[in-house]
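Below is one structure, written out as structure tokens; the observations come after it.
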Amino acid sequence: MKRARACVLRVGGTNCDEEIKVALEELGLRTDVVHMDWLEKGDVHKYQLLVFPGGFSYGDYVRAGAVWGKRVVSKIRRDLERFIESGRLVMGICNGFQVLVESGALPGGDGAFSETPKAVLANNSSARYECRWTYLRCENGSTPFTSKIPVGEVLKIPVGHGEGRFIVESEELLRELIKENRVTFRYALPSGKAAEGAYPFNPNGSEYDIAAICNKEGNVMGMMPHPERAFFGWQAVGYGGPEGAGDGRRIFESIIEHIEGL
Amino acid sequence: MKEGLVRSICKDPPILAADLREAADKDLVEISSAMGLALSLQEMKAIQGHFGRPLTDVELQTFGQTWSEHCIHKTFRGEIQTEGGVVNSLLKSYIARATMELSKPWCFSVFEDNAGLVEFDEGHVIAAKVETHNHPSAIEPFGGAATGVGGVIRDILGVWGEPIALSDVLCFGPLDIDYSELAPGIKHPRYIFNGVVAGVGNYGNNMGIPNVSGAVLFDRNYAGNVVVYCGCFGILPKSGYVKDTKDGDLAILVGGRTGRDGIHGVTFASTDLPEESEGLRSAVQIPNPLVEERLRRAVIRIRDEGLATGITDLGGGGISCATGEMANRSKLGLTVELDAVILKEPDLAPWEIWVSESQERMLLSAPERNLGRITEIFREEELESCVLGRFNKTGRIRACFKGATVCDLDLDFLYNPPRTTRRASRASAVRKPLILEKPKDLKVELLRVLSDPNIRSREEIVRTYDHEVRGVTVVKPLQGFEGGHNDAAVLKPLRGSWMGVVISCGITPFYPDPYWMAGCSLEEALRNNVAVGGRRIAILDNFVWGNPEKEDRMGSLLRACEACYHFAKAFETPFISGKDSLYNESPMGPVRPTLLITGVGIIPDVRRAVTMELKRAEDPVYLIGVTKEELCGSAYLRVKGVEGGAWPEVDAASSKSLMDALTKAIDAGHVAACHDLSEGGAGVAAAEMVLGSCLGMELDFRQMIHETTRSDFVLFSESQGRFLVEVREDQEEEFKKVFKGLPARRMGRVLGERKLEITDLEGGKISVDLEELAYAWRGISWN
Amino acid sequence: MIFTVKAEVSLKRGHFDPEGDVAAKALRDLGFGVASVRVGKTYTIKVEAADASEAEAAAKEMCRRLLSNPTKDDFKVEVLGFEGRSG
Amino acid sequence: MIFTVKAEVSLKRGHFDPEGDVAAKALRDLGFGVASVRVGKTYTIKVEAADASEAEAAAKEMCRRLLSNPTKDDFKVEVLGFEGRSG
Ligand SMILES: Nc1ncnc2c1ncn2[C@@H]1O[C@H](COP(=O)(O)OP(=O)(O)O)[C@@H](O)[C@H]1O
Ligand SMILES: [Mg+2]
């Protein structure tokens, strides 16, 4: 644990970096918030976890996450490939998920990146920004991000985005994602049944109610909901108790357990 | 105009000079209007009398900006002649006077700076500011509202505050109004609504500051005069509040580039909205939150490293006002090099650079030795900056461009404009009898009120604002999956402390009497705050009024200010900041006098905060307060299109003792849920508590403490000072003890089923199930 | 008949375009020799009208009332084709 | 030379367009006989290139690499004109 270290990246327009740092530090992980410029010059390999946080990178102009995603490809692709291939963890939350998709890191290709994005996070089907709590059903409890959450368990975690409708390039790819167990969370009804597109349980109209996916190896995950906003019980008044923990904490606990073992 | 009064003294850069010495009154008026100064004859004459030399356009524009209503609040600081005598400054006589007389030790800085500051805990202060952005939003709803949010965030940065929350209060015309009813040049409320809501959401979401509080009102009156209030709240360590610009310090401008956008925004906000407002292109401000987000990071880093001696935002009047104010505040002078300013487009005239209101800019002062580090931080945050000049001891504000001095003014004169005099006529509403048939079916009435645009769920708007970002929102604007509307928001701004900030608002423009309207707005802001557990509340006033040069508008403004003083004193809640937006007039008439009161309270432990949704079946439900026959201006009568009867009044003493008792009960843990009674009265409050939860409620109105004659009146009266409280069943006795001798009565209990059951005064029963309530409140129009 | 009309809304000249600036910078970072970018929006509208000129007039009115703001936007309307009888 | 190129990015046929649907509804609410609306974006790009075909090729590459996402977007590029020598 002493050596483990996390890097929360930011660029202009990123704005959820602080709360992710708080969550990781709360669990004892040394965490730096690092501007992309510095990382491009510096060394990503001293970290075991790289987080692309939420926000509106570059104003979300052109397309949410696109500008940052392309910058990742053009500036730090080789470093990131090595980072991912060495089994370290990369996580994208909200805008960070959009960045990972636009860069081609998720769903990913034959290598760590696909040449062109194979998916997109499109405008919500409501055509609006949606800030609301969702029920997330865990679909795969054996990734480094979900090891502390049994399959079928329902977490209460909020979303806040205007572009979160996950669609993939082809039916085939969708089937592949499902078959390979790479859909880690789906939007669900309170009972734990899949939302099957029902608004507002599925808040954005994502295909197959997809809220989060990971790469083939399971060490890169992107999710639209914000676990860092459901880390403490008091963040979830009305959804849990003020004391104790919020459901999002278990994702961070899973991560920490994994990187401690690296 | 007399020949040669205004002439060009330089082609490149273009500079005009006006020799006022020879000018007749009508020339003065003409110059003021031709240059867009919006100065009155009295003000032009004061300038004429002061200078024994011609003035440049840069100098005249400086007066135009600095002496504008927006910058100097001349109506609020001026003299008012009334039937009963002369009032010397509304601000001093009423608003600030209440604060002075209350003299609360926790007021840290009031009425002085960009925002009001109150103590939070031993080491920290809270900053709060609320602004209006009505005219820009009427012309370009998206950009106008977005830059309104951007501007008020900079007010918080301008006191070194880290912004932690936003609020917005919006007043629109009816969304279904027919085009033919709109005056030419007025945009349809639907268009304005879409743009304003998107603009507020876009800027706040981009900045990553949660929008946690607000209100949305609809009325025909606002079709011609949209009202957009934007608030921002921040926190900072006490030691971070540095305002001590020194002789020799540098003035540093940072942020967005300077362009032609927003030129004359200030003088523009100080005059009526012209019919052909579409020609005012340059007054449109373009928002770019991406720059402001970086500005926020840079400002906080500079604060934490202690690098600067002063800071202020650039708002109305641009560089001219920001530099002038900063120099004046420290009794210094400054020479500004306009060539240094980084421009968006070439060939701006010096006066345009000087007064441009381009967004996302801040002004800092710092000793030269820190310039390197400051510039490095700016570079790291991808911000452009420049040094404008150096502060000196001259007491003069000077500007140079291409080697020539284009402005040289004495700050003492500039900041002591001639007093404005206004006249006020007596203004109180006349009470008419209330003529209203008894309704046949109370249930129908309740559903109709619930489906009124002023009462209906705000979810469609509020969900487009991120209210969770930063992860510190404890009590949210929408509660639970059901999305009930809480009365106020609670934030937990510090990592190591359970203490919370409580933000609420009060706005009741539909009560016709200006005095009681103001009193009710103030009381509502407090009531909302107390309902979730807030206390030690500081308040902010925001007046939106018509043309103050008209006696009747001034009369009602005066009455509203009187109420502000009386009730702030009575409730012991000091004003800490505020703003007035006057001249809200359109071809469709003056705006309805609209006063927003914002409340900023604290709560010692956020875990004690109370939300509005019902918690447990069988818990007793109490109604606190007295219900009178006060329906004039109520949602019930407005839905019916009926006027008349008594309007709500505020009994401060009794209301305060109820609030104090409620705070005690909340702290002791007796209260499971609480909701204040406001628009729509007890009927709507009860329905909302059911709608926000998975439980129901049963109420017997025969138990109510009331002074009315009819069931529909007890259900819909909007008497102030009332709350519906779910009391924890096992603590009912203790709760009763807290309220001993006070008007609090058990009305019913929480039900396991999701429905509202009401017994009226005659013993008649109505039962409304959740589907019906939800359809009216959330669905499409009910009838 | 149903006409397909394209309305193009763009920022007036001289108005600052933050989105265009971000796109230009991003393209330059990717190695393109881009001097500037301006962003606009297109609406491809299927509208019921008796003839092409009525369709065009309707689309212009839509731009004036909802799709653009004369204070900051220019718009341009073009009828692309039609589809025969409407139900 | 500096060429002005217009790149138009629009949703692929059959792709769901919530923004267009909202615009259509709003237009209908205002009394227009609108059957549907599809929303797209245009980028008017000033790009340095030796000739028009190079400018066009560059713009296409920009669409592929940044301005569009192949999962949902189509794009179209048109050279509008040029401005003479660049510095
Ligand atoms: N009507 C008012 N009521 C209370 N305070 C006011 C009013 N008008 C101005 N103030 C106070 O005077 C100070 C300066 O106000 P203002 O000129 O509006 O600042 P800024 O230019 O930064 O917006 C602020 O603290 C503000 O709250
Ligand atoms: Mg200010």
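In what follows, chains carry the letters A, B, and so on, assigned in the order in which the sequence lines appear, proteins first and then strands, with residues in each chain numbered from 1.
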Tell me which of these, B/R294, B/K615, B/R470, has more heavy-atom pairs under 4.5 Å with chain A than the rest.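 Of the options given, most contacts go to B/R470.
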
Taking every non-hydrogen atom, the tightest pair across [X] and [Y]:
X: A/N15; Y: B/M207; answer: ND2-C, 3.6 Å
X: A/Q235; Y: B/K476; answer: O-NZ, 2.6 Å
X: B/W498; Y: A/W234; answer: CZ3-CD1, 3.4 Å

Starting from the C-alpha separation in whole Å, work towards a yes-or-no answer on salt bridge (charged side-chain N to carboxylate O under 4.0 Å, His left out) for A/R10 and B/E381. CA-CA 11 Å; A/R10 71 176 177 96; B/E381 299 299 343; 2.7 Å; yes

Can you tell which of A/D17, A/N95, A/V11 has the highest number of heavy-atom pairs within less than 4.5 Å of chain B?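 If we count pairs closer than 4.5 Å to chain B, A/D17 comes out on top.
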
With a 4.5 angstrom heavy-atom cut-off, is it the side chain or the backbone of B/N202 that approaches chain A, or both, or neither? neither

Can you tell me if B/E380 and A/W38 form a side-chain donor-acceptor pair at under 3.5 Å?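 Side-chain D/A pair, B/E380 to A/W38: absent.
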
Salt bridge flag under 4.0 Å for residues B/D466 and A/R132: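 A/R132 and B/D466: not salt-bridged.
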
Is the shortest side-chain N to carboxylate O distance from A/D37 to B/R379 below 4.0 Å? no

Proximal component of A/F231, with respect to chain B [non-hydrogen, under 4.5 Å]: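 For A/F231, neither part sits under 4.5 Å from chain B.
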
Compare all side-chain heavy atoms of B/R495 with those of A/E25 and state whether any distance is below 4.5 angstrom. yes

